[in-house]
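A short write-up of the structure that comes next.
If you're wondering where the values come from, they're calculated on a predicted model, not measured in any experiment.
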Amino acid sequence: MTDTSTETTDATVTAAPLRRNLGLVQATALNMIDMVGIGPFVTLPLVMGMMGPYFLLAWLVGAGLAVVDGLIWSELGAAHPEAGGSYRFLKLAYGEQKWGRLMSFLYVWQTLVQAPLVVASGAIGFAQYFGYLVPLTAWWQPKLVSGVVVLALIGLLYRRIEDIGKLGVLLWVGVLGLMGWLIFGGLTHAEHPVAWLPAGGFSALPGLLLSAAMGQAAVKTIYSYLGYYNVCHLGGEIQNPQKVIPRSIFLSILGIAALYLLLNWSVGTVIPWEQAQHSEFIVSTFVEKLYGPLAAQWATALVLWVAFASLFAVLLGYSRIPYAAAADGEFLPVFAKTHPTKHFPHVSLLILGGLGFVFSLLFRLGEVITAILAMRILVQFVGQAIGLVLLRRRRGTAHLPFRMPLYPLPVIVAVVVWLLIFWSTGPTFMLSGLTVISTGVIVFLLWSRRRGQWPFEAQR
């Protein structure tokens with residue numbers, strides 16, 4: 001196994017070792033604030049519009065896929081707790097000298113595009129909700145807000161990992177406070193029934209689960225669950241990772257699933273789904289109906305807190321991926337540089353953050369959510385699930401600190417569902433994802449030929 005703290009193969013840049021200073025509380029907090037960003041508040045009315053009175057089922061489907069996929073991440077993360085997460089998993093699974101180089105390169109390549117897009121989507125969503133507090137009428141005003149958000153993120157993350165862990169817990173408290181307030185409002189002011197099953201009962205359930213509406217709605221809910229694996233990107237900075245990584249993954253999935261279901265139920269009991277599906281500020285509208293305009297402003301401020309907290313965790317985790325690849329000698333050496341005194345990959349953070357800033361000025365929210373998911377499915381989620389099978393066949397399971405139950409059923413379910421979700425994104429987004437992969441293959445071949453590595457090693 002290659003240590004990500006070693007010297008790069010073709011450069012003099014040395015990656016200083018990362019510090020393992022994040023415990024279970026900090027790891028779980030960073031996972032959860034990554035998951036609960038602006039996503040659930042923006043997608044909640046969208047899912048209601050797609051699923052009608054059965055919107056809760058889409059959130060259950062998203063939670064189910066997160067649990068199944070979380071088993072894959074837990075096994076890989078506990079066995080290989082290093083910076084970069086999927087980068088290391090893919091390289092080890094497919095072979096460090098051949099196909100693993102391609103798969104891991106493709107993951108880093110798409111990270112350079114998708115990570116800034118994820119940051120930009122959250123910043124744009126932040127600006128959208130900020131419009132409830134301060135009307136943003138000129139075209140440049142939302143862009144100014146989203147750009148400032150990204151710059152503030154970079155500033156806060158430019159520090160030691162132990163300080164980031166403390167900030168993460170503080171932001172997590174705000175996440176739990178907002179969700180608890182919203183859920184309490186629904187529990188104490190319920191007026192309308194919310195259906196958990198279709199009118200035909202369990203007999204009608206298979207048809208609804210396989211419907212086109214469920215596929216499109218699941219794309220939105222799954223987007224809102226993404227982030228349970230953030231701890232794997234930070235594997236090189238986790239204490240006792242063999243136990244902490246799996247525990248933090250499932251604590252965050254189960255905790256967020258409960259919060260999402262209760263949140264959606266609460267909103268649905270106060271505002272009928274027919275009305276809620278058209279709301280641009282659903283949380284603010286919900287609180288305003290219960291407690292008045294002043295309370296709605298406070299709730300909006302907390303939504304902005306949650307959105308900012310999520311972006312904090314997202315940019316933190318993604319900044320470790322190009323670093324891990326560069327430290328391994330498989331990417332541009334500049335990404336392997338760590339801060340001389342604070343010991344974190346500051347160049348990777350600045351580049352991804354800078355691209356996120358640019359993207360936040362160029363795109364709209366609706367243009368990126370589905371594209372982000374379509375771009376990640378084939379290489380990261382499907383590729384990683386198949387890679388786990390390859391690792392088990394090659395290395396066995398005796399060395400694994402965490403082994404998924406019911407193997408290989410979770411892997412099969414994850415691959416099938418991810419492919420269905422990819423198909424549900426539609427031709428345009430499927431093509432965009434395939435285009436990014438194809439471009440990455442071309443860049444990889446040019447990079448490998450220049451360095452005389454596989455598949456061009458015979459020419460050296």
Side-chain angles (χ1 to χ4, degrees), residues 22 24-43 59 62-74 76-77 84-86 89 107 110-111 114-123 125-126 153 157 164-165 167-169 171-172 174-176 178-179 218-235 237-238 244-260 263 305-321 352 356 368-369 372-373 375-377 380-381 384 414 418 421:
L22 297 178
L24 179 61
V25 173
Q26 292 94 336
T28 304
L30 290 170
N31 271 356
M32 291 182 74
I33 63 177
D34 188 338
M35 297 166 74
V36 185
I38 202 69
F41 308 118
V42 173
T43 59
W59 294 94
L65 178 57
V67 169
V68 171
D69 195 54
L71 292 170
I72 297 171
W73 283 91
S74 295
L76 292 171
S86 292
F89 304 157
Y107 174 64
Q110 71 177 28
T111 295
Q114 69 150 7
L117 282 176
V118 172
V119 172
S121 70
F126 183 101
L153 284 170
L157 286 169
I164 288 175
L167 275 172
V169 173
L171 294 170
W172 182 33
V175 171
L176 296 180
L178 171 63
M179 300 293 275
V219 170
K220 306 303 182 185
T221 61
I222 290 168
Y223 170 79
S224 297
Y225 279 105
L226 295 182
Y228 48 86
Y229 44 75
N230 190 45
V231 64
C232 293
H233 300 326
L234 303 170
E237 296 160 276
I238 303 296
V244 168
I245 288 178
R247 290 175 182 175
S248 64
I249 287 174
F250 289 108
L251 283 174
S252 56
I253 291 174
L254 296 177
I256 292 301
L259 291 174
Y260 281 177
L263 171 65
W305 175 292
V306 169
F308 189 85
S310 176
L311 290 175
F312 178 88
V314 165
L315 187 53
L316 169 66
Y318 276 127
S319 66
R320 270 56 177 175
I321 295 169
L352 292 185
V368 295
I369 291 180
I372 290 167
L373 191 57
M375 191 183 301
R376 304 169 71 172
I377 287 177
Q380 185 176 21
F381 296 116
Q384 193 164 274
W418 278 124
I421 294 299

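With Tyr260 contributing its side chain and Ser224 its backbone, the two residues share a donor-acceptor pair below 3.5 Å. With Thr221 contributing its side chain and Ala218 its backbone, the two residues share a donor-acceptor pair below 3.5 Å. A donor-acceptor contact shorter than 3.5 Å is absent between the side chain of Asp34 and the backbone of Asn230. Proximity of a side-chain donor or acceptor of Tyr107 to a complementary backbone N or O of Ile321 within less than 3.5 Å is not detected.
With a 4.5 Å cut-off on side-chain heavy atoms, Phe381 and Leu226 count as touching. Inter-residue side-chain proximity for Leu352 and Val119 is flagged as unmet; no heavy-atom pair is nearer than 4.5 Å. Within the 4.5 Å cutoff, side-chain heavy atoms of Met375 are placed close to those of Leu117.
Considering all non-hydrogen atoms of both residues, Tyr318 and His233 come closest at CE2-NE2, 4.5 Å. Considering every non-hydrogen atom in both Tyr223 and Ser121, the closest pair reads OH-OG, 3.1 Å. The heavy-atom pair separating Tyr225 from Trp59 by the smallest distance is OH-O, 3.0 Å. Among all heavy-atom pairs drawn from Ala66 and Ile253, the shortest one is O-CD1, 3.2 Å. Shown here for Ser86 and Gln384, the closest heavy-atom pair between the two residues is OG-OE1, 2.5 Å. The shortest non-hydrogen separation linking Gly235 to Ile245 is CA-CD1, 4.4 Å.
Between atom CG of residue Asp69 and atom OG of residue Ser74 there is a gap of 9.5 Å, rounded to the nearest 0.5 Å. Rounded to the nearest 0.5 Å, atoms CG (Leu22) and OG (Ser248) are 10.0 Å apart. Here the CD1-OG1 distance, from Ile222 to Thr43, works out to 11.5 Å after rounding to the nearest 0.5 Å. One finds the CD atom of Gln26 at 8.5 Å from the CD1 atom of Ile238 (value rounded to the nearest 0.5 Å). Within the model, atoms CG of Asn31 and CD1 of Ile256 stand 9.5 Å from one another, a figure rounded to the nearest 0.5 Å.
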Exercise for the section: Could you go through the side-chain contact (heavy atoms from CB on, under 4.5 Å) check for Leu316 and Leu153 one step at a time? Expected result: CA-CA 9 Å; Leu316 169 66; Leu153 284 170; over 6 Å; no
Handout entry: Audit row: Leu30, Trp172, side-chain contact (heavy atoms from CB on, under 4.5 Å) steps and yes/no
Key = CA-CA 8 Å; Leu30 290 170; Trp172 182 33; over 6 Å; no
Exercise for the section: Show your reasoning for whether side-chain contact (heavy atoms from CB on, under 4.5 Å) applies to Gln380 and Gln110. Expected result: CA-CA 10 Å; Gln380 185 176 21; Gln110 71 177 28; 4.1 Å; yes
Practice task
May I have the step-by-step check of side-chain contact (heavy atoms from CB on, under 4.5 Å) for Met179 and Leu263, ending in yes or no?
Solution key: CA-CA 7 Å; Met179 300 293 275; Leu263 171 65; 3.9 Å; yes
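The aromatic rings of Trp73 and Tyr229 sit parallel, their planes meeting at an angle under 30°, below the 60° perpendicular limit.
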